[in-house]
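Lettering follows sequence order; numbering is per chain, from 1.
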2 protein chains.
Amino acid sequence: MSNQLEFRHLRYFLAVAEDLHFRKAAERLYISQPGLSRQIKQMENDLGLKLFERHNRKVILTEAGKYLKDEFTRNLKQLEDTINHAKLIHYGKTGQIELGYVGSAMQKLIPQLLMNYRETKPDVVFSLKEMDNKKQINALLNFDIDIGFVRLEEVPKTIEKKCIKSDIFCLVLPEDHSIDKSNFQDLSQLKSESFILFDPEYSESYYTNVLQVFKDSGFMPSVSHLTIHASSIYNLVKNNFGISIVPKSLISNHIKGVKFIELDKIPQRTNLSVVWNKTNRNPLLPELLDLILSKPN
Amino acid sequence: MSNQLEFRHLRYFLAVAEDLHFRKAAERLYISQPGLSRQIKQMENDLGLKLFERHNRKVILTEAGKYLKDEFTRNLKQLEDTINHAKLIHYGKTGQIELGYVGSAMQKLIPQLLMNYRETKPDVVFSLKEMDNKKQINALLNFDIDIGFVRLEEVPKTIEKKCIKSDIFCLVLPEDHSIDKSNFQDLSQLKSESFILFDPEYSESYYTNVLQVFKDSGFMPSVSHLTIHASSIYNLVKNNFGISIVPKSLISNHIKGVKFIELDKIPQRTNLSVVWNKTNRNPLLPELLDLILSKPN
DNA sequence: CTAATTGATTACTCATAGTTATCATTTGTA
DNA sequence: TACAAATGATAACTATGAGTAATCAATTAG
């Protein structure tokens with residue numbers, strides 16, 4: 001079904017939809033009227049719906065036809081823009097950057113970065129893909145992305161890495177928890193709690209880093225839930241399913257029902273790094289890296 | 001240029017872009033390798049750019065090719081969604097409504113209307129077109145739109161009209177103008193000012209209505225600027241190019257640098273009306289009209 | 001050094017887009 | 001009422017070009 005559909009059909013359909021007149025449309029398309037009639041009919045069969053109501057001496061669009069007229073017009077226009085942009089890329093006038101990131105980098109960093117970059121290079125197309133640390137490294141090696149934002153300490157030799165943000169950890173507690181900033185001294189106060197942590201599947205090295213925090217406090221936590229999204233953690237904590245530890249940068253102002261305590265005494269930090277492939281030849285990459293690395297981290 | 005391009009080419013290109021291997025891709029597409037090679041080459045000629053770098057024993061995407069891979073994938077996906085939606089329309093499961101409006105109706109009314117409607121019929125596609133009063137009437141007669149929002153008193157016989165909002169006028173003055181709510185009594189206080197008004201080209205009947213306001217106050221205003229957008233009026237007034245009169249509904253909360261005085265004493269109102277074609281058979285229309293007309297205006 | 005892998009080239013064939021000629025139906029008009 | 005013009009559908013034919021099989025050239029692996 002709808003596998004024989006070609007652009008030709010769309011062009012023909014749009015011509016008829018505009019003129020509502022097969023002969024005129026055929027003339028405008030430089031083909032014969034019977035040929036046009038047949039193509040439209042074939043298209044109708046193919047899509048499994050009637051595009052036109054043929055009355056004795058007039059042709060009108062069906063409801064579905066009206067809808068498709070608008071959508072196909074948009075679609076062809078978009079395709080044309082796409083091709084023009086591809087030509088710009090081909091002739092080195094502009095380009096695109098494929099960017100991978102772990103969810104936590106989307107909080108503030110990447111939106112800001114894109115806004116800054118867009119000021120100087122408004123034509124560049126960004127393609128954003130949320131992926132975990134491992135996937136980003138693989139994607140860099142295959143040139144599927146040009147640049148990544150990861151929480152990793154170790155990367156392969158061909159991958160370059162530069163830390164751009166060092167974050168302290170924060171405790172996440174339900175709003176009415178007995179411990180708060182005034183009486184908190186040490187993590188060991190919480191050894192009997194159950195914890196909600198980021199899934200090690202998502203970032204191995206982040207997980208071991210967090211576990212080290214507990215080890216340093218002299219206990220191993222009982223882990224009740226593993227999750228991938230910070231918002232799930234907040235929800236679970238709010239509803240008393242456990243408590244958690246997250247990097248400070250994952251905290252935004254408007255999170256209701258939980259409270260945070262900064263763990264500024266412990267040595268562990270979670271580092272957000274830019275990573276890229278040394279052998280990547282994307283001409284836009286050096287400038288983008290300059291922009292990122294020139295920032296006061 | 002790029003007029004021979006067909007969906008076939010996109011499908012073939014995407015297959016090769018995914019496999020980076022002509023033979024495997026050809027197999028997957030159930031065609032022979034030479035056929036595939038030729039189609040890709042033809043596509044490259046047609047677009048005027050190289051999609052792949054063919055090395056001795058490996059094929060890689062060019063920058064433009066990478067970009068096109070993403071875009072074409074998106075495009076085909078979108079097209080598929082479009083066709084599925086058209087089928088829903090065809091089988092009467094849902095539909096689309098083409099809606100025309102004068103700019104001033106976009107302020108609050110239409111967004112709210114759409115939000116209300118979407119609650120009950122989330123699948124219906126709205127196609128919004130800003131058009132002046134005359135164009136909307138024509139579009140209704142040609143069934144190019146299903147419903148319109150106009151400021152008109154007279155409409156043709158086949159067009160139905162119902163007033164949904166009656167607005168008083170407001171004076172628009174620069175913030176530091178000597179006249180304000182406390183000392184304003186009558187428009188004739190402003191007979192020596194120059195006025196910025198909506199272009200009669202955009203709405204004849206609105207213009208004559210406004211002129212009647214002045215006539216009733218015993219003077220004809222000197223008109224310094226004509227414009228189509230309310231925001232231009234506010235900007236011009238702010239910068240002391242003149243003062244103006246606008247319908248109250250065009251005023252939003254966050255307009256800086258100007259002040260407004262309601263003209264609640266004068267009899268003129270500017271009416272916003274829904275208009276539709278009696279003979280329109282769009283099955284979604286009656287329900288939409290119900291929703292609009294049931295509202296306390 | 002041979003065998004396997006891979007994309008390009010060449011010469012063929014066959015499916016189908018497009019053509020010409022014609023029909024059926026309707027509408028406007030003499 | 002009859003005749004000419006208009007409009008889309010149908011049928012039979014043609015020719016363009018998508019797809020094929022066979023082969024080549026270049027490279028890599030064992």
Side-chain angles (χ1 to χ4, degrees), chain A residues 1-47 49-62 64-66 68-69 72 76 142, chain B residues 1-62 64-66 68-69 72 76 142-143:
Chain A
M1 67 85 162
S2 59
N3 247 338
Q4 308 302 345
L5 194 71
E6 293 293 350
F7 279 120
R8 176 172 19 92
H9 294 108
L10 303 201
R11 289 192 297 267
Y12 290 1
F13 164 67
L14 288 179
V16 180
E18 280 160 25
D19 293 348
L20 294 177
H21 197 295
F22 278 76
R23 266 206 155 76
K24 278 185 201 158
E27 211 166 303
R28 200 149 65 87
L29 292 165
Y30 302 109
I31 63 170
S32 65
Q33 173 265 315
L36 180 58
S37 281
R38 256 232 321 254
Q39 289 296 308
I40 297 290
K41 182 180 285 187
Q42 178 182 319
M43 184 175 174
E44 288 180 324
N45 280 334
D46 210 52
L47 295 177
L49 46 84
K50 276 261 157 298
L51 297 167
F52 298 101
E53 289 173 28
R54 283 89 158 163
H55 291 110
N56 306 332
R57 258 173 102 83
K58 73 173 178 223
V59 173
I60 62 174
L61 280 163
T62 60
K66 273 190 210 176
L68 288 176
K69 180 189 169 194
F72 286 160
L76 288 186
N142 297 335
Chain B
M1 67 86 166
S2 58
N3 247 338
Q4 308 302 345
L5 194 72
E6 294 293 352
F7 280 120
R8 176 170 20 90
H9 295 108
L10 303 202
R11 289 192 298 267
Y12 290 2
F13 165 68
L14 288 178
V16 180
E18 279 161 25
D19 294 347
L20 294 178
H21 197 296
F22 278 76
R23 267 208 154 78
K24 279 183 200 158
E27 211 165 305
R28 200 149 65 87
L29 292 165
Y30 301 107
I31 63 170
S32 65
Q33 173 265 315
L36 180 57
S37 280
R38 254 227 325 249
Q39 290 296 308
I40 297 290
K41 184 182 285 186
Q42 177 181 317
M43 184 176 176
E44 288 181 323
N45 280 334
D46 210 50
L47 296 176
L49 46 83
K50 276 261 156 298
L51 296 167
F52 298 100
E53 289 174 29
R54 282 88 158 166
H55 291 108
N56 305 334
R57 261 174 98 85
K58 73 173 179 226
V59 173
I60 61 175
L61 281 162
T62 60
K66 274 188 208 176
L68 288 176
K69 180 190 169 192
F72 287 160
L76 289 185
N142 297 335
F143 301 103

key: Out of D:dA11, C:dT9, D:dA18, whichever nucleotide has its closest atom nearest the side chain of A:P34   = D:dA11
message = Between P on C:dA8 and NE2 on B:H21, what's the gap in Å once rounded to a whole number?
response = 12 Å
key: B:K69 versus B:L61, closest heavy-atom pair with distance   = CD-CD1, 4.0 Å
message = Give me the atom names and distance for the closest heavy-atom approach of A:L10 to A:M43.
response = CD2-CE, 3.9 Å
ask   = Does the side chain of B:H9 get closer than 4.0 angstrom to OP1 or OP2 of D:dA18 through an N or O atom?
value = no
key: side-chain contact (heavy atoms from CB on, under 4.5 Å) between A:T62 and A:F52, worked out   = CA-CA 5 Å; A:T62 60; A:F52 298 101; 5.7 Å; no
request  = Can you tell me the distance, in whole Å, between the CG atom of B:L29 and the P atom of D:dG19?
outcome  = 10 Å
ask   = Rounded to the Å, how far apart are A:K58 NZ and C:dT27 C1'?
value = 13 Å
task = Return the nearest nucleotide to the side chain of A:S32; candidates are C:dA17, D:dG19, C:dT19.
result = C:dT19
request  = Calculate the interatomic distance between B:L20 atom CG and C:dT6 atom C1'; express it in whole Å.
outcome  = 14 Å
request  = Figure out the CG/C1' separation between B:L5 and D:dA18, and round it to whole Å.
outcome  = 15 Å
message = Can you say whether a donor on the side chain of A:Q33 sits under 3.5 Å from an acceptor on the base of D:dA9, or the other way round?
response = yes
request  = Using atom types as modelled and distance alone, determine if a side-chain donor or acceptor of B:Q33 lies under 3.5 Å from a backbone N or O of B:R23.
outcome  = no
query = With a 4.0 Å cut-off, would you call B:R11 and A:E6 a salt bridge?
reply = yes
ask   = In whole angstrom, what separates B:Q39's CD from D:dT20's C1'?
value = 13 Å
ask   = What is the distance from CZ of A:R38 to P of D:dC13, rounded to the nearest Å?
value = 14 Å
request  = Answer with base, sugar-phosphate or nothing: what part of the nucleic acid does B:R8 contact at a heavy-atom distance below 4.0 Å?
outcome  = sugar-phosphate
ask   = What integer distance in Å separates B:D19:CG from C:dT6:C1'?
value = 14 Å
task = Check every strand shown and say whether A:R23 touches a base, only sugar-phosphate, or nothing at a heavy-atom separation below 4.0 Å.
result = base
inquiry  = Once you apply a heavy-atom cut-off of 4.0 Å, does A:Y12 come out as touching a base, just sugar-phosphate, or nothing?
reply    = sugar-phosphate
request  = May I ask you to evaluate whether A:S37 reaches the phosphate of D:dA9, defined as a side-chain N or O under 4.0 Å from OP1 or OP2?
outcome  = yes
ask   = Which part of the nucleic acid, if any, lies within contact of B:K41, taking any heavy atom under 4.0 Å across all strands shown: a base, the sugar-phosphate backbone alone, or nothing?
value = sugar-phosphate
task = Establish, with yes or no, whether the OP1 or OP2 oxygen of C:dG7 is under 4.0 angstrom from a side-chain nitrogen or oxygen of B:H55.
result = no
